[in-house]
Protein chains: 2
Amino acid sequence: MTTNMTIYDISEKAGVSIATVSRVLNGSSNVSDKTKKKVLDVINQYEYTPNAFARGLGLNTMKTIGVMCADSSDLYLAKAIYFIEQKLRANGYDSILCCTGYELETEEKCLNLLISKKVDGIILVGSHFIYESESDNRYIMDAALQVPVMLLNASFDAPNVYSIVSDDYNSMYEATKQMIASGIQDILYFYNSTSYSGKRKLAGYRAAMEEAGLLRSGNLMQLYTGSHEDIQGMSEHLMKVQGKGILFRGVIASDDNLALGAIKYARTAGLRIPQELAIIGYNNSLLAACCNPELTSIDNKLETLCQHLITTLMGLLNGSEMPKKTVFSGEIIHRGTTLS
Amino acid sequence: MTTNMTIYDISEKAGVSIATVSRVLNGSSNVSDKTKKKVLDVINQYEYTPNAFARGLGLNTMKTIGVMCADSSDLYLAKAIYFIEQKLRANGYDSILCCTGYELETEEKCLNLLISKKVDGIILVGSHFIYESESDNRYIMDAALQVPVMLLNASFDAPNVYSIVSDDYNSMYEATKQMIASGIQDILYFYNSTSYSGKRKLAGYRAAMEEAGLLRSGNLMQLYTGSHEDIQGMSEHLMKVQGKGILFRGVIASDDNLALGAIKYARTAGLRIPQELAIIGYNNSLLAACCNPELTSIDNKLETLCQHLITTLMGLLNGSEMPKKTVFSGEIIHRGTTLS
DNA sequence: AATAACTATGTAAGCGGTTTCAATAAACCT
DNA sequence: AGGTTTATTGAAACCGCTTACATAGTTATT
């Protein structure tokens, strides 16, 4: 356990100065093996742990990274947080978590809070408020003036802001193309966010549809504004869409949760999956393997993304030059909700 | 944004001493309104934020709570973390997250790390290493010597350790009793952890079975040791159990994930749910409403638990006397996997 | 009007480390 | 052996803020 000794106590017991104790604490090379051992023995004997605040004051770092996400209870984000936390701690850092609940104001407040807590870096896990235009991201840029800011699945170009993204555009483009190739023409795009990655995904879908000459009107894109947990609501939403006479034989969802809503809708409407309604989800979350039929989904290699994010961040903190943006491609995992 | 001014800069610009600045910073009453305004103006003008380390050094607190959990990507734990983080921040605290990955050694290490980071309290979210016997929890008791330790869904009696638990025993007892009452006698208990709450749940099941004279041997309890995400593996596990000639017409699972495994097993084995196999899960997670048929599950009022946990912790930090243990009862949410 | 009792502010001593700089000891040359 | 260079160590300044104590300025009391 942690005792309440100070560096003075240790220096006294070890018969050296506090400077020397500090040196062995920080692994300075300029300490003789003999004294180093002597000091370490005392430290171990009394289970001394240096005071983090004092240390922070002197070093101006507490080896802590701020992690911000909209909702840590979202399956995908929760997973990201888990990977990030694990990898950070493996690197001797730990993480302060802030959940912003999809509110811009909270996001700004948290950002300032993290900065004032002197984190060494900030990771935005799927922030919902990254805009394409730089000037709209001022609050992030302000934070980046102080510490490196890492963006997971989002990207914009600003000093000291680094992005690790999955190629959502291309993944969606390919998924849509494949569904078209399987003979389906009326493909509804079902999404719930206009975030950075949301826009990219939508663009991928549109490109494929346009290319095939199938994008006739905005009818085939449906924004769902309810909670990401409200499967029933999603299903009802699709029922309404159907009620309006909009025809669709395929659903491509921006998220597995939404895809589940589509599955539920199919059940309610009595449609056979995938023969009468094909569905593709996104994120390849636990849900995809859980539902019935199992969901075809796009896997965007979350762990790889997180690993690179941490590697990049650690590099930056060590003063290395690091790539501003890294892109990984996704992969379509075929399961029971698609034909081909 | 946060500037790099010190209290000296502010005091100079405001024409007062640093003590006065510090007083307005900390809301001390002994400052005249005139000077207070003067100082605040300067602070706002320069967007000054006091250095957290220096402040921590002086106050010996950084308004931070350590949150430990085995796996933040687990649906249930993720949700708990979300609630906790939200409520903490609403109270002016924030949280350092540590995921221990179900490893005792990591759990101990994190506990020490949190203490050394001078957190004001520690919350164990469904720790897997709470033992019934006090002496086995020494490492937690050591931490409790320094700061209050809050246990969610676990409990043991030690100084400065507080518990908020759901009455798992009773919930399971009732669930089992109801299934028996619905005419099912061969009920398999499918579980994956021998944690504190795991034991309680199992005991509830046993009690109900014993009471009904149905507990003939240990055959009807099946410990699954695989990953909580490996639905396929769970299903196969149950296939093997069936293969051994162990008969079961009902499954009560210690967790919704396991229940999903049971659903998958039923599908594979060609059993109709709930007529040929009834299933009850635990936690009433998102999954329960997602799967097909929808899962009957026990809701243990997670948000209520978290709310009370935070309230209790805040009370403690304000020096109030607080209850050592609070118990809430759960509720069975009936859906499509049970008869009655 | 003189004394007591506050109120508002400043001075300076910590809080527990890190680090610069100077001093001492040990090692290396010629 | 004497002069250098280098490896160790310690003294003390400093990081930025809190707070006990002292002081000066006000208001209340008799």
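Reminder, nothing fancy here: chain letters follow the sequence lines and each chain counts from 1.
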Measure from the side-chain heavy atoms of [X] and tell me the nearest of [options].
X       : options                : value
A:Leu59 : D:dC17, C:dT18, C:dT9  : C:dT18
A:Arg55 : C:dG17, C:dA8, D:dC17  : C:dG17
A:Ala19 : D:dC17, D:dG10, C:dG16 : D:dG10

Expressed in angstrom and rounded to an integer, what is the separation of [X] atom [atom1] from [N] atom [atom2]?
X       : N      : atom1 : atom2 : value
B:Asn60 : C:dG14 : CG    : P     : 17 Å
A:Ile7  : D:dT9  : CD1   : C1'   : 14 Å
B:Ile18 : D:dT19 : CD1   : C1'   : 10 Å
B:Asn26 : D:dG16 : CG    : P     : 17 Å
B:Met62 : C:dC15 : CE    : C1'   : 15 Å
A:Leu57 : C:dC15 : CG    : C1'   : 9 Å
A:Met5  : C:dG17 : CE    : P     : 11 Å
B:Asn30 : D:dT18 : CG    : P     : 15 Å

Please answer whether the main-chain N or O of A:Val161 pairs with a side-chain N or O of A:Lys324 as donor and acceptor at a distance below 3.5 Å.
-> yes

Please answer whether the main-chain N or O of A:Ala144 pairs with a side-chain N or O of A:Asn160 as donor and acceptor at a distance below 3.5 Å.
-> yes

Applying side-chain hydrogen bond (donor to acceptor under 3.5 Å, both in side chains) to B:Tyr8 and not counting sequence neighbours gives none

Evaluate salt bridge (Lys or Arg N to Asp or Glu O under 4.0 Å) for A:Asp94 paired with B:Lys117, printing each intermediate quantity in order.
-> CA-CA 10 Å; A:Asp94 46 31; B:Lys117 288 243 172 163; 2.7 Å; yes

Using rotation axes that map the C1' atoms of four end pairs onto the next four (five pairs an end), what angle separates the end axes of the helix from C:dA1-D:dT30 to C:dT30-D:dA1, to 10°?
->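 End axes: 30° apart.
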
If we count only N and O atoms by modelled type, under 3.5 Å, do the side chains of [X] and [Y] hold a donor and an acceptor together?
X        : Y        : answer
A:Arg55  : A:Asn26  : yes
A:Tyr102 : A:Glu107 : no
A:Ser155 : A:Lys325 : yes

May I ask you to say whether A:Asp41 pairs ionically with A:Lys37, meaning some side-chain N is under 4.0 Å from a carboxylate O?
->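 Counted as a salt bridge, because a side-chain N and a carboxylate O are separated by less than 4.0 Å.
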
Please work out if [X] contacts a base, only the sugar-phosphate, or nothing of the nucleic acid, heavy-atom cut-off 4.0 Å.
X       : answer
B:Val16 : sugar-phosphate
B:Ser22 : base
B:Asn51 : sugar-phosphate

So which one's nearest nucleotide on DNA chain C is more toward 5', A:Tyr8 or A:Arg23?
->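 Result: A:Tyr8.
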
May I ask you to verify if any side-chain N or O of [X] is less than 4.0 angstrom from the OP1 or OP2 atom of [N]?
X       : N      : value
A:Thr20 : D:dT8  : no
B:Ser17 : C:dG10 : yes
A:Thr35 : D:dT9  : yes

